[in-house]
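For reference, the structure is listed below as C-alpha cells.
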Amino acid sequence: MTETKIFCSRCGVEVEPHKTNCPLCGTPIQNAEDAQPSDYVKKFPDEPAIKTERVGRTPKQKRILIWEVISVSLLLPLLITLFIDLIVNRTVTWSLYPISSLILAWFVISTPLLFPTILPVLYLGETLPPAIFLLVIDKIEDGQIDWFLDVGLPIEAVVAVIAAIVIIGSIKVKNKGMNIAAFILFGTGLICLGIDFIVYKHIMGTFGVSWSLYVLASTVVIGGFLLYLHYRLMKNTKLQRKLQI
Amino acid sequence: MNSSSQTEQNQGLRTPNEEWFRLDNAATVFSFVTSARIPCMFRLIASLKQPINIANLQQALENIINRFPYYKVNLRNGLFWSYWETNPGMPVVIEDTKYPCQQMPIRKKGIFPFRVRAFYNRISVEFHHSITDGSGSMIFLKSLVGEYLNLSGIRIDDWQEIFRPSQEPHIEEYEDAFKKNYQESIPWPARMTRAFHLPFKLEPKGVYHITTGIMQVKQLLSRSKELDVTLTEYLTAVYLEALQAILFSLPQRKQKRLMKPIRLQVPVNLRRFFPSKTMRNFSLYVTPGIDPRLGRFTFEEILKQVYHYMRVEVSDRYISQFITRNVRGELHPIIRVTPLFIKRLFGKVIYNGQGEFLYSGVITNIGKVTLPAPINNEVEEIQVLPAPSPVTKTGCAVNSYKDKLYINFGRTIKEAHLEKLFFRKLVKDGLNVKIETN
C-alpha cells in the first residue's frame, strides 16, 4: 500500500496519518481525511494506566484481612480466660467479664472495618453494643438489674445523642478542617457534663454537677480557639491538606 | 600505578558468585533521588516487523537474564549504604502504557531495576538509571531481541557483540569503573551557577509526553558537515537556540527574573576514554551553553561556542576531575559511617545543587546502533527515550539505526514550544522530519 504523507502547513513536518492536529503547534491538518491508511500501527497504546508491577490487595481485601486477624487475636485471650476459669472453678464465673469486654471490643472494631461507608450501620454498630455490654455486666454481678437503668442507659444515651450531633454537624459543615476538631472537643465537654449530672443524681439523690465544669470550661475555650483559627485562616489555608485526619 | 589505586581496582571487581555488590557512584545518587517526579527511568525500544509473541518474549527474557547476573538484582538497604542483592525471582514481560518511563518502586523487595514491556510490534526495555547507563542497557536490548528472534526461528550465525545465554559473564562486566579510574590527587572542577529552566507548569505525576522526530541520517550528517561540526554539536546548538528563543519570548518581568545561563547536559560515554567492559554506570557529562545575559546569540555564535567548548572539555583530563569530585565524597570516612537515611536526606540536596538545577536540558546521543545481518532485517526501528525530569522539564535522546535518525523528546509539561522551535529549525535547514507522539 502506498502511504500518503501528510504535513503540518506551519511547521513543515510530516505527521502521523491518524493525527488531526499538528503535535508541535496544534494547527489542524489540512488534508487529514484524504489520508487514512488502515494498516497504520500506532506506536504507543492509548491506555494511560499507570501500572505497578505488583498487584496488591484492594482496600476492601485489606480491610477484611485486618478484620480477620483482629478477630482471631481477640479469640485467643477469650479462650485462655475461659479455660482457666473452667479449670479452676469447674464452671464459668469471673471469666464472663473479660469475655463480654472482648466481645464488645470485637463489635466496636468490626463495624468500621466491615461497613466503612454505611453511616447508619456504623452509628448503630458503635452505640448499641456498649449499651448491651453495660446491661450484661450489670446482670452478671447478681442476676439483677441494679444500676443499668439509673446510670448505664442514660450515659449511653447522652453519648449516642451527642455523637450523632457531632457527626451530622461535621458532615453538614462546608469547610472541613480544624472546626471538626472543635466540634469533637465541644462534644466531649458536653458528654462529661452529662455523665457528671447522671452520676451526681445517682449518688447524691439531687440534681447538680461538679467536676465536669472544669472540663467544659477548657474544652469550650480551646474549641473556640480552634474555630477562630479555622475561620480566620480559611480563605487561603493549606491546613486542610496538612491536617487531614 | 600506585598501590592504593590498585586496591581500589580490586574493590571495583566482584566475582559472579557473590550474592551482592556495592552501588557505583552514579547509582548511589540515582537511588537517593528516585521518586514519582524523578523516576530515573529511561527506555530503549525495538520495533520488529512482526507482532510480538509474548510467550516467546518471556522465554527469551528468562534465557537471557542469566547472562546478565548484574541486572538480575534487587536494591536492598544496609545500615550505611544500599547494595544490589541477587534477585531469586524472574522478571515478567508486561503490557505497555501510553506514558513510558513510569516510576519503579525500586526499594521494594523482589523488584528488578528494569522492566520489559511489549506493545504490538514493539519491545521496550526500561532501566532504572541506578543499575546501568545507555551503553549497558543497549547491549541488553540487543541480546533480548536476538534471543527472541532466535526462538522465533530466525537462523543467526554471526552474533557480533550480542550476548548469548550460553556465555559466561566476564568478571570485568561487574566493574565499578568510577572507582577504578578515581585519581585521588587531582583538584575538583569549578562550581557552576544555576541555569535557566522552562517556566511551565508540570503535568500530573506519571504523565510523560514523547515527541519523536525521524529523519534521514544522511541529510543531517551533510547539514552538519556543511557547518563543519559534528551531529551532536549541531543538535546541541539547535536545542540551545530553541531554549534561548523561549527565554526571550517571555514577558519583560518574567524574562528578567529567569535570565540565567542556558546550559545543556550532554552525557559522555566514559568507555571511550577509560577502557572498561563494565555493564554498569560509566558515563558523565559535559555542559555546553550560552549566557543570555550577554545578549541574544545568533545560531552561528551558539554553534561556535558549542564547537569549541566540546573540543576542550570532552577530554579524559577534565572528565577525570568530575569522577574525582563524585567518588571522593563517597570515600570520605565520615560520610561512610553516616547512616543511610541521613545520607539519603543529603543526597537530594546534593543532587539539586550539583545536578539538575545547573542544566536547562539534556541531550544524549547514543550514536549509531547496529545489529548483525539477519536480525536487522527483522528489526525496523531502535529508539531511545530520555528519563523524565521535573526540573529541566524536557530532555532529548538521539540515536541512529540503519538510515534513520531518531530524536526523542520527552517532556513533563503540556507545552511543546521547545519541540516546535527545535524541529522547525531542522525543517528550515532543509531536513525532512517526521513527527510521532504517544
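Computation of the quantities below employed the complete heavy-atom set of this structure, encompassing side-chain atoms and omitting hydrogens, waters and symmetry-equivalent molecules. This is a predicted model, so every value here is computed, not measured.
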Please say whether more than 12 non-hydrogen atoms of neighbouring residues, nucleotides or ligands are located less than 6.0 Å from NZ in B:K49. yes
Tell me the closest heavy-atom pair linking B:A416 and A:P23, and the distance in Å. CB-O, 4.0 Å
Taking CZ in A:F107 as the centre, count heavy atoms belonging to other residues, nucleotides or ligands within less than 6.0 Å. Is the count above 12? no
Which answer fits B:V427, side chain, backbone, both or neither, if we ask what part of it has an atom under 4.5 Å from a heavy atom of chain A? side chain
Heavy-atom pairs under 4.5 Å with chain A are the metric here; pick the option from B:R122, B:H209, B:M215, B:E419 that has the most. B:R122
Which answer fits B:E381, side chain, backbone, both or neither, if we ask what part of it has an atom under 4.5 Å from a heavy atom of chain A? side chain
Rounded distance [0.5 Å steps], NZ in A:K19 versus CD in B:E436: 8.5 Å
Can you establish whether the number of heavy atoms outside B:K404 located under 6.0 Å from its atom NZ is more than 12? no
What distance separates B:R424 CZ from A:C8 SG, expressed to the nearest 0.5 Å? 6.5 Å
Minimum side-chain heavy-atom gap B:P100-A:F44 below 4.5 Å: yes
Does A:F225 CZ have over 12 foreign heavy atoms under 6.0 Å away? no
Atom CZ of B:F248: over 12 foreign heavy atoms under 6.0 Å: yes
Might you confirm whether atom CZ of B:R76 has over 12 heavy atoms from other residues, nucleotides or ligands at distances under 6.0 Å? yes
Counting only heavy atoms closer than 4.5 Å, note whether B:T437 contacts chain A via side chain, backbone, both or neither. both
